[in-house]
There are 2 protein chains.
Amino acid sequence: MEPIRKAALVKATIVELGRAGSLDVTVSQIAKRAGMSSALAHHYFGSKEDIFLAAMRHILSLYGAEVRGALAAVDGPEARLQAILRASFSPGNFRREAVGAWLNFYVLAQTVPEARRLLSVYQRRLRSNLLSCLRPLVGVRADRAADALGALIDGVYLREALKEGPPDSASAVATVMEFVASELGKRK
Amino acid sequence: MEPIRKAALVKATIVELGRAGSLDVTVSQIAKRAGMSSALAHHYFGSKEDIFLAAMRHILSLYGAEVRGALAAVDGPEARLQAILRASFSPGNFRREAVGAWLNFYVLAQTVPEARRLLSVYQRRLRSNLLSCLRPLVGVRADRAADALGALIDGVYLREALKEGPPDSASAVATVMEFVASELGKRK
DNA sequence: TTTTTTATTGATCCGTCAATCAACAAAAAA
DNA sequence: TTTTTTGTTGATTGACGGATCAATAAAAAA
């Protein structure tokens, strides 16, 4: 039962986090959505914080898997770059709940060291992925470009959280591609 | 007394928000830092939410003033663009507390309509400022570029919230400038 | 079959906190 | 001076929520 319950709770947490748009979500709400009592949630995870962290790990590993999959399917720095971006804004990651949850993970990271660590891991991995694509393309400028591109992706996520209506992957990718294209010196 | 007390509370709110890194700041904490009782805080502002909104307006208007001032001092689209960026990352805005507060305003905007409205106003104004600089420089690509640049600025703020140590204005501006430079087709 | 482990919940405890209120002080107006 | 307005707080209320616990059922092991 344990793995099933935990998975249900993690999923429910992400939904509730996205719905509420803040960390002010009660364990009872989460448990209810996952179809169990709050006591059971506490039984499997020790605390509310642990539930949040599990949800964070889930989203992060989902994202990681998607990127890895996309990278495995293509060849060459430009194609790889594009793959990373498409994965970053794929419907799996770039959806209301996930975006809402994401924003809150940043907040969580302000107070919970483990959350901060997880977010740092994500940032470092993204950076190193971007760097390996950019280095062959823009040489020494790759470092700065990777920083900018990473920040840009996060910024697009952040702004999506404010918009209403369903997220628009295509437009998000287009916005980021605009940056990449000009960075690579290609004008259409 | 009213304006003095209110100002003190607003300032204290920003400090506490930055310190805690979340909206989980009690009225008592804020009031204490501002040198008064929580009851008095409630007396002058009706509710905690009003205090947050006042703090938000304060930061936003501070930012607006800085940008306006910087714009008034220069001429020509490129110089104006640079002025906006320098103002965005000037020590006045780009400091620990303000950045921490900023992140939380995004969270607040998820639930409080007025907060969302304020943030939208900021975004629109920034966008229109950027657009007026970019249009003469990159023509039809200006729209997308303005979106990207706006998101990039927010993204740099977001990431700053995660870093430890004092914010580094220079490096932030450099990162964003990297984008602008390549957008304008200028390689160094 | 008896015993132990696992799954589950309702009720409850304990702390926190926004908001209110009664009371008091002090300045301003009458 | 008396009265009113303004400034201020300690104490209290009422609600909420994380965590714990006692109790029950059901499955697994002995």
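To find a chain, count down the sequence lines: A is the first, B the second, and so on, and within it residues start at 1. The figures here come from the full heavy-atom set of this structure, side chains too, leaving out hydrogens, waters and symmetry mates.
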Taking [X] for the side chain and [Y] for the main chain, is one N or O donor matched with an acceptor at less than 3.5 Å?
{"X": "A:Asn104", "Y": "A:Val107", "value": "no"}
{"X": "A:Arg127", "Y": "A:Ala146", "value": "no"}
{"X": "A:Asp154", "Y": "B:Val156", "value": "no"}

Non-hydrogen atoms of A:Phe89 and A:Ala172 that approach each other most closely:
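A:Phe89 and A:Ala172 have their closest heavy atoms at CD2-CB, 3.8 Å.
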Which salt bridge (charged side-chain N to carboxylate O under 4.0 Å, His left out) pairs, counting each pair once, include a residue from residues 81-96 of chain B, with sequence neighbours left out?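 Only B:Arg95-B:Glu97 qualify under salt bridge (charged side-chain N to carboxylate O under 4.0 Å, His left out).
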Contacts to DNA chain D from residues 4-17 of chain B, heavy-atom cutoff under 4.0 Å, which residues?
->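 The stretch gives B:Arg5 as the residues lying under 4.0 Å from the strand, ordered by number.
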Spacing between B:Asp24 atom CG and D:dG18 atom P, to the nearest angstrom: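 Distance, rounded to whole Å: 11 Å.
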Interatomic distance where NZ belongs to B:Lys48 and P belongs to D:dA15 [whole Å]: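 Distance check: B:Lys48 NZ to D:dA15 P gives 18 Å.
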TODO: Report the distance from atom CG of A:Asn93 to atom CG of A:Leu62, rounding to the nearest 0.5 Å.
DONE: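 The CG atom of A:Asn93 sits 6.0 Å away from the CG atom of A:Leu62.
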Item to check | Residue pairs passing the ring-ring contact (aromatic ring centres under 6.0 Å, His included) test where at least one lies in residues 10-68 of chain A, sequence neighbours excluded | outcome: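 Of all non-adjacent pairs touching residues 10-68 of chain A, those that pass ring-ring contact (aromatic ring centres under 6.0 Å, His included) are A:Tyr63-A:Tyr122.
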Item checked: Start and end of chain B contact along DNA chain C [non-hydrogen atoms, under 4.0 Å] ->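 Taking any atom under 4.0 Å from a heavy atom of chain B, the span is C:dC17 to C:dC21.
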| query | Hey, can you pull the residues of residues 106-118 of chain A with a non-hydrogen atom under 4.0 angstrom from DNA chain C? | reply |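 Residues of residues 106-118 of chain A that come under 4.0 Å of DNA chain C do not exist, since none gets that close.
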Do any of residues 26-44 of chain B sit with a heavy atom less than 4.0 Å from DNA chain C, and if so which?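 Those residues are B:Thr26, B:Val27, B:Ala39, B:His42.
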**OP:** Would you check if there is a donor-acceptor pair between the side chains of A:Glu66 and A:Ser90 at a distance under 3.5 Å?
**Re:**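 Their side chains do contain a donor-acceptor pair, which is all the 3.5 Å distance test asks for.
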Point to revise | Parallel, tilted or perpendicular, as decided by the 30° and 60° cut-offs, for the rings of B:Tyr157 and B:Trp102 | key: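 Tilted.
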(request) Could you tell me whether B:Glu160 and B:Lys163 make a salt bridge, using a distance below 4.0 angstrom between a side-chain N and a carboxylate O? (result)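 Between B:Lys163 and B:Glu160 there is a salt bridge, with a charged N closer than 4.0 Å to a carboxylate O.
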Worksheet entry | Lys/Arg N to Asp/Glu carboxylate O, A:Lys32 vs A:Glu16, below 4.0 Å |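 Looking at A:Glu16 together with A:Lys32, the answer is no, because their closest N to O distance does not fall below 4.0 Å.
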| Do other residues, nucleotides or ligands put more than 12 heavy atoms under 6.0 Å from the NZ atom of A:Lys6? |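 It does: A:Lys6 NZ has more than 12 such atoms within range.
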Kindly indicate, with the supporting measurements, whether the criterion side chain to side chain donor-acceptor pair (under 3.5 Å) is fulfilled by B:Glu183 and A:Ser182. CA-CA 5 Å; B:Glu183 184 58 43; A:Ser182 68; 3.2 Å; yes
